[in-house]
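Structure, as structure tokens:
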Amino acid sequence: FDIIPAQGEEVMDPSLSPDRLVEELSRQKCAEVAAAHPDGLVIAADTVVSVGGLVLGKPHSEAEAASMLRLLSGRDHQVMTGCTVLCGDRVETFTEVTSLHFRPLSDKEILKYVQSGEPMDKAGSYGIQGGAALFCEKLEGDYYNVMGLPVCRLYETLCRTAPEVMEDTL
């Protein structure tokens, strides 16, 4: 397989709910890559963090990363990944939602984590598989979704959408 990042500008419609937003972004990415690879099996995904109805994408600065982490400190939030799978004329889009609760974070912890550089390319400014594992008190749902790809649900979708590709899996 090849990893082909979509290059187009993400069009974020503020009128969409967070779950519909990630679905739309995954559709945009899928359409762009599929146009260049019309015979390929294309899997596209986009992930955001949602807290109190506010959508958190990737931070643009260390200050923004720290602000996001302060917002998540001591609170429940959801990680939402929209996935679109396209194979020939078959296409399926879904959203996976995982709920998390962060323990209260000190300013020192936030500063140290931001200075590590880890938050800078991650939705919500954290990677659960890295240093932020120390922040999460509770997780309900798919752990892999928090990393940006809901593996189990994607597998099920691929089995429906591209059964000829998946028949020898496992």
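Only this structure's heavy atoms are used, side chains among them; waters, hydrogens and symmetry mates stay out. Quick caveat, the model's predicted, so the values are computed rather than measured. Heads up: numbering here begins at 1 and tracks the sequence.
Between Cys136 and Ile128 there is a side-chain heavy-atom pair separated by less than 4.5 Å. Residues Pro119 and Met68 have side chains not in contact (no heavy-atom distance under 4.5 Å, counting atoms from C-beta outward).
Linking ILVMFWY residues whenever their side-chain heavy atoms come closer than 4.5 Å, directly or via other members, leaves Tyr144 and Tyr155 in distinct clusters. One hydrophobic cluster, built from ILVMFWY side chains closer than 4.5 Å, cannot hold both Val49 and Leu25; they sit in different ones. Residues Phe102 and Val55 do not share a hydrophobic cluster, clusters being chains of Ile/Leu/Val/Met/Phe/Trp/Tyr side chains in contact below 4.5 Å. Clustering ILVMFWY residues whenever any of their side-chain heavy atoms sit less than 4.5 angstrom apart, transitively, puts Val51 in a cluster other than the one holding Val97. The cluster map of Ile, Leu, Val, Met, Phe, Trp and Tyr, joined by side-chain heavy atoms under 4.5 Å apart, puts Leu111 and Leu71 in different clusters.
Here OH of Tyr126 is found 4.5 Å from CG of Leu100. Values are rounded to the nearest 0.5 Å. Interatomic distance, OG of Ser17 versus CE of Met80, reported as 7.5 Å (0.5 Å rounding). Remark: Thr47 OG1 to Lys122 NZ distance equals 12.0 Å, nearest 0.5 Å. Distance check: His77 NE2 to Leu72 CG gives 5.0 Å after rounding to the nearest 0.5 Å. Rounded to the nearest 0.5 Å, atoms CG (Leu105) and NZ (Lys112) are 14.0 Å apart. For the atom pair Leu158 CG and Arg160 CZ, the distance stands at 9.5 Å (nearest 0.5 Å).
Contact between Gly131 and Glu118 at its shortest, heavy atoms only, is N-OE2, 3.0 Å. The heavy-atom pair separating Pro18 from Val48 by the smallest distance is O-CG2, 4.4 Å. Considering every non-hydrogen atom in both Glu164 and Cys87, the closest pair reads OE2-SG, 3.5 Å. Heavy atoms only, all atoms of each residue included: Ala45 and Gly148 are closest at CB-O, 4.2 Å. Closest approach of Glu109 and Pro104 over heavy atoms only: OE1-O, 4.2 Å. Residues Lys29 and Ala44 share a closest heavy-atom pair of CB-CB, 3.9 Å.
With hydrogens and angles disregarded, a donor-acceptor distance shorter than 3.5 Å links the side chain of Asn145 to the backbone of Val79. A donor-acceptor pair under 3.5 Å links the side-chain atoms of Glu32 to the main chain of Gln7, judged by distance alone. A donor-acceptor distance shorter than 3.5 angstrom exists from the side chain of Arg103 to the backbone of Leu134, with no hydrogens or angles considered. Although no hydrogens or angles enter the test, the distance criterion places a donor-acceptor pair under 3.5 Å between the side chain of Ser116 and the main chain of Tyr113. Panel note: side chain Glu96, backbone Phe94; no donor-acceptor pair is recorded below 3.5 Å. Remark: the backbone N or O of His60 is paired with a side-chain donor or acceptor of Glu64 at under 3.5 angstrom. Checking side-chain atoms of Thr98 against main-chain N and O of Asp142 turns up a donor-acceptor pair under 3.5 Å. The main-chain N or O of Leu69 is never found under 3.5 Å from a side-chain atom of Ser73 such that the two would form a donor-acceptor pair.
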Thr93/Ser26 under side-chain contact (heavy atoms from CB on, under 4.5 Å): CA gap, chis, key distance, verdict: CA-CA 8 Å; Thr93 300; Ser26 75; 4.0 Å; yes
Stepwise side-chain contact (heavy atoms from CB on, under 4.5 Å) test for Glu156 and Glu92: CA-CA 11 Å; Glu156 293 170 335; Glu92 188 171 335; over 6 Å; no
Chi angles and distances behind the side-chain contact (heavy atoms from CB on, under 4.5 Å) call for Lys58, Met120: CA-CA 7 Å; Lys58 295 177 182 177; Met120 300 314 298; over 6 Å; no
Check against side-chain contact (heavy atoms from CB on, under 4.5 Å), Thr81 and Leu149: CA-CA 7 Å; Thr81 301; Leu149 193 65; 5.5 Å; no
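Under the side chain to side chain contact (heavy atoms under 4.5 Å, CB included) test applied with Glu24, the options Thr84, Asp13, Leu16 reduce to a single match, Leu16.
Between Thr95 and Glu23, the side chains place a donor N or O and an acceptor N or O closer than 3.5 Å (distance only, hydrogens not considered).
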